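Step one of this worksheet: look at the structure below.
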Amino acid sequence: MIIFSAGVSAQPSDVSIGGARDIYDGSLYPDKAVRTYSQTERIFPTRVIKAGGKPSPLLQSNQQLTSLKFTSEGKTYDLPDYVALNRMVGLLVLKDGKIAYEHYDFGLTPNTKWMSMSVAKSFVSTLVGAAIKDGYISSLNDPVTKYLPQLSGSAYEGVSVRDLLMMASGVKWNETYTDPSSDRRKLLELQIASNKQGAIFDVMKTLSKASEPGKNFNYSTGETVLIGEVVQAATKMPLADYLSKKIWVPVGMQANGLWWLDSPGGHEVGGSGILAVLRDFGRFGQFILDGAKVNGQSIVPEGWLAEAGSAKPITGVTGKNGYGYQWWTVKPEAGKIHESVFMGRGIHGQYLYINPANNIVIVGLGARSKPVGKQAIDDLDFLAAVVENLKAN
């Protein structure tokens with residue numbers, strides 16, 4: 001069942017939106033936040049991720065999620081509560097590759113391109129796998145400097161591609177979104193300036209070493225930008241073009257996507273900024289769940305997804321999550337229903353949840369007030385309830 005919002009179908013380009021700093025400061029009021037998050041191509045230059053014009057069908061499941069009651073931290077909630085309190089503008093649930101639930105709210109429509117934020121990291125991880133399968137990258141054990149000689153002599157000397165994928169380079173980085181002096185915000189300021197292709201290296205080369213590579217987790221969007229630079233250097237094509245060639249066209253996305261750039265005509269910001277419609281995020285999730293296959297052949301090496309989506313033996317991953325190769329995993333204490341789950345997550349409430357054991361993909365697009373820490377209901381409790389409901393029916 002498709003439920004459409006009563007909101008506007010599109011936002012005129014002259015409607016006021018916030019800026020990049022507003023997004024990361026968490027200073028936007030609700031309506032302006034929605035307008036902003038749905039039009040970030042007005043903030044940053046972008047490159048088109050071309051679709052092929054032949055959308056793959058997404059059929060309705062006979063098994064529909066029509067209602068839901070669940071408990072989180074001692075309180076009982078239902079679907080409207082979750083959408084309202086967690087400010088979810090879009091929700092899509094695929095069971096066995098078919099739509100079991102689809103909802104748009106706060107003015108989002110099926111044709112609105114929404115920001116993925118760090119969910120984009122999981123796309124980049126998959127492109128690394130594709131580049132290995134295609135022979136562009138020879139091994140995850142390759143030093144980063146093999147592909148990015150600009151980093152020679154920096155703290156990234158001796159860091160492998162694998163270390164970057166695990167967020168375990170050992171290089172010092174402060175990801176605090178709301179701190180104007182953090183490394184993450186320095187990266188954002190470069191993106192706002194949009195006046196120098198590859199300016200990321202001016203920041204990354206100055207970072208200091210905190211520990212030996214491969215041991216300690218330290219979440220760093222800058223390192224995913226470097227992973228994107230590795231893929232671009234190895235393939236000798238823009239990330240958006242490689243994504244279009246390997247996934248967007250063959251998977252049958254219904255609409256062109258967009259990807260933020262560091263400068264007009266420059267390089268994609270690998271750590272965030274893929275813009276797509278809700279169903280195309282769902283198609284990507286289903287593609288991953290089905291083994292990343294095109295015409296029966298996986299675009300990534302054998303065993304890649306199992307490796308990428310499993311927790312690595314690194315210290316410092318706190319809370320209910322572990323970390324793989326740019327995919328979050330879920331620790332057993334979060335609930336047995338999440339066993340073998342991996343997911344992409346982005347600030348302000350974006351997620352792509354993949355549950356192989358129950359053949360379920362769930363996409364959530366959010367418009368929360370702050371980058372992190374403002375979910376009223378634990379997303380994992382909601383996701384567990386959805387899986388339990390569809391598993392029982």
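Keep in mind that this is a model prediction, so the values were computed, not measured.
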Verify, without hydrogens or angle tests, whether [X] (side chain) and [Y] (backbone) share a donor-acceptor contact under 3.5 angstrom.
| X | Y | answer |
| --- | --- | --- |
| W259 | V269 | yes |
| Q39 | R35 | yes |
| D81 | D78 | yes |
| E268 | V225 | no |
| K205 | S152 | no |
| E157 | G153 | yes |
| T126 | S122 | yes |
| D381 | S72 | no |
| K121 | G271 | yes |
| D378 | L380 | yes |

Quick one: do [X] and [Y] end up in the same hydrophobic cluster if we chain Ile, Leu, Val, Met, Phe, Trp and Tyr together by side-chain heavy atoms under 4.5 Å apart?
| X | Y | value |
| --- | --- | --- |
| L261 | V230 | no |
| V128 | I314 | yes |
| V48 | V249 | no |
| W173 | V372 | yes |
| V93 | I377 | yes |

Is the closest side-chain donor-acceptor distance between [X] and [Y] under 3.5 Å?
| X | Y | value |
| --- | --- | --- |
| Y353 | R345 | no |
| Q64 | Y101 | no |
| T178 | D25 | no |
| E223 | S169 | yes |
| W260 | T40 | yes |
| S182 | E175 | no |
| S310 | K312 | yes |
| S181 | D179 | yes |
| D31 | Y29 | no |

Heavy-atom check, side chain of [X] versus side chain of [Y], under 4.5 Å:
| X | Y | result |
| --- | --- | --- |
| D105 | V89 | no |
| K98 | Q63 | no |
| W327 | S125 | yes |
| T315 | F217 | no |
| F382 | L79 | yes |
| E102 | L58 | no |
| N358 | L390 | no |
| M343 | L383 | yes |

*For V277 and A255, work out which heavy atoms get closest and say how close.*
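Closest approach of V277 to A255, heavy atoms only: CG1-CB, 4.3 Å.
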*Where S244 and P250 come nearest, the two heavy atoms and their spacing*: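 Distance-wise, the nearest heavy atoms are O-CD, 3.6 Å.
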Is [Y] paired with [X] through a side-chain N to carboxylate O contact shorter than 4.0 Å?
| X | Y | value |
| --- | --- | --- |
| R47 | D241 | no |
| E339 | K336 | yes |
| D280 | R283 | yes |
| K146 | D142 | yes |
| K32 | D22 | no |
| D202 | K196 | yes |

*Within 45° of the six-membered ring axis of F106 and under 6.0 Å from that ring's centre, is NZ or CZ of R87 located there?*
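Here R87 passes the 6.0 Å and 45° test against F106.
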*For Y351, check ring-ring contact (aromatic ring centres under 6.0 Å, His included) against everything at least two apart and list the hits.*
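Applying ring-ring contact (aromatic ring centres under 6.0 Å, His included) to Y351 gives none.
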*asked:* Let me confirm one number: the CD1-OG1 distance from I43 to T36, rounded to the nearest 0.5 Å.
replied: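 Interatomic distance, I43 CD1 to T36 OG1, rounded to 0.5 Å: 6.0 Å.
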*Could you check R279 against I99 for side-chain contact (heavy atoms from CB on, under 4.5 Å), going step by step and ending with a plain yes or no?*
CA-CA 10 Å; R279 283 193 174 191; I99 298 173; 3.4 Å; yes
*Would you sort out whether T109 and T112 count as a side-chain hydrogen bond (donor to acceptor under 3.5 Å, both in side chains), showing the intermediate values?*
CA-CA 5 Å; T109 79; T112 305; 3.1 Å; yes
*Steps toward side-chain hydrogen bond (donor to acceptor under 3.5 Å, both in side chains) verdict (S118, Q350)*: CA-CA 8 Å; S118 287; Q350 327 314 319; over 6 Å; no
*After noting the C-alpha distance and the side-chain angles of M253 and F281, does the key distance pass the side-chain contact (heavy atoms from CB on, under 4.5 Å) rule?*
CA-CA 9 Å; M253 301 303 189; F281 283 122; over 6 Å; no
*Checking side-chain hydrogen bond (donor to acceptor under 3.5 Å, both in side chains) for the pair N174/T176: CA distance, chi angles, key distance, verdict?*
CA-CA 6 Å; N174 180 354; T176 308; 2.7 Å; yes
*Give the C-alpha distance, both sets of side-chain angles, the deciding distance and a yes or no for side-chain hydrogen bond (donor to acceptor under 3.5 Å, both in side chains) between Y147 and Q232.*
CA-CA 9 Å; Y147 303 96; Q232 180 157 283; over 6 Å; no
Under 6.0 Å between ring centres, would you say that holds for [X] and [Y]?
| X | Y | answer |
| --- | --- | --- |
| F287 | W248 | no |
| W328 | Y323 | yes |
| Y82 | Y77 | no |

Looking at [X], I want to see if its [atom1] is surrounded by more than 12 non-hydrogen atoms of other residues, nucleotides or ligands under 6.0 Å.
| X | atom1 | value |
| --- | --- | --- |
| Q297 | CD | no |
| K172 | NZ | no |
| K133 | NZ | yes |
| N62 | CG | no |

*Should E41 and T46 be marked as a side-chain contact (heavy atoms from CB on, under 4.5 Å) after you check the CA-CA gap, both sets of side-chain angles, and the distance that decides it?*
CA-CA 6 Å; E41 68 274 18; T46 59; 4.0 Å; yes
*Worked check of side-chain contact (heavy atoms from CB on, under 4.5 Å) between I132 and W304*: CA-CA 10 Å; I132 292 173; W304 172 267; 3.8 Å; yes
*Considering residues at least two apart in sequence or located in another chain, which fulfil the salt bridge (charged side-chain N to carboxylate O under 4.0 Å, His left out) criterion with D134?*
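Salt bridge (charged side-chain N to carboxylate O under 4.0 Å, His left out) list for D134, sorted by chain: K246.
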